[in-house]
Amino acid sequence: MSVSTHVLDAVDGRPAAGIAIRLLAGDSLLAEGVTDDDGRCRLTEEATPAGPHRLVFATGAWFTARGTTAFWPEVTLTFTVAEPAAHHHVPLLLSPFAYSTYRGS
């Protein structure tokens, strides 16, 4: 399974570059990365077991660096891997007081 994400700043309508992200399964850290200039981050190409996984986005630090007061110190997205061989793209649309996500392709 590979895991990637794409973070978009919903206020500015631009990619959210520079957000630190961790991929976890249970208490185990599987990968970590930072969104690039296009707001994208490919966390792993490695196979991971079926079951629940979490993407943890360090949104508080990102907002603080921009001088923006925000409600979310971090955003955690939990998803289930049912097909370990499939690619899992989990985007995040972010603003200081709301966020949304979906399973991408």
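As a basis for the values below, the full set of heavy atoms in this structure was taken, side chains included, without hydrogen atoms, waters or symmetry mates. Because the structure is predicted, anything quoted here is derived from the model rather than measured.
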Would you indicate whether the side-chain heavy atoms of [Y] and [X] approach each other to under 4.5 Å?
X	Y	value
L24	V56	yes
F57	T76	no
V34	I19	no

Is [Y] reachable from [X] through a run of I, L, V, M, F, W or Y residues, each pair having side-chain heavy atoms under 4.5 Å apart?
X	Y	value
V3	L93	no
L8	L77	no
L30	I21	yes

side-chain hydrogen bond (donor to acceptor under 3.5 Å, both in side chains): pairs with one or both residues in residues 14-37, sequence neighbours excluded: none
Nearest-0.5 Å distance, OH of residue Y99 to CG of residue L92: 8.0 Å
Gap separating the OG1 atom of T78 from the CG atom of L55, nearest 0.5 angstrom: 8.5 Å
Report yes or no: does [X] contribute a side-chain atom to a donor-acceptor pair with the main-chain N or O of [Y] at less than 3.5 Å?
X	Y	answer
H88	G104	no
W62	A17	yes
S95	A10	no

Can you name the nearest heavy-atom pair linking [X] to [Y], along with the distance?
X	Y	answer
P84	A82	CD-O, 3.5 Å
G39	P15	N-CB, 3.5 Å
P91	T5	CA-OG1, 4.0 Å

Plane angle bin for H53 and F79 - parallel if under 30°, tilted between 30 and 60°, otherwise perpendicular: parallel
For P96, side chain to side chain contact (heavy atoms under 4.5 Å, CB included) partners two or more places apart: V11, F63, T68, A70
Flag for H87-S4: side-chain donor and acceptor within less than 3.5 Å: yes
Any residue meeting side chain to side chain donor-acceptor pair (under 3.5 Å) with R42, in chain and number order, not counting sequence neighbours: E45
Chi angles and distances behind the side-chain contact (heavy atoms from CB on, under 4.5 Å) call for T59, L94: CA-CA 9 Å; T59 54; L94 182 63; 3.7 Å; yes
side-chain contact (heavy atoms from CB on, under 4.5 Å) between T101 and V90, intermediate numbers included: CA-CA 7 Å; T101 187; V90 185; 3.7 Å; yes
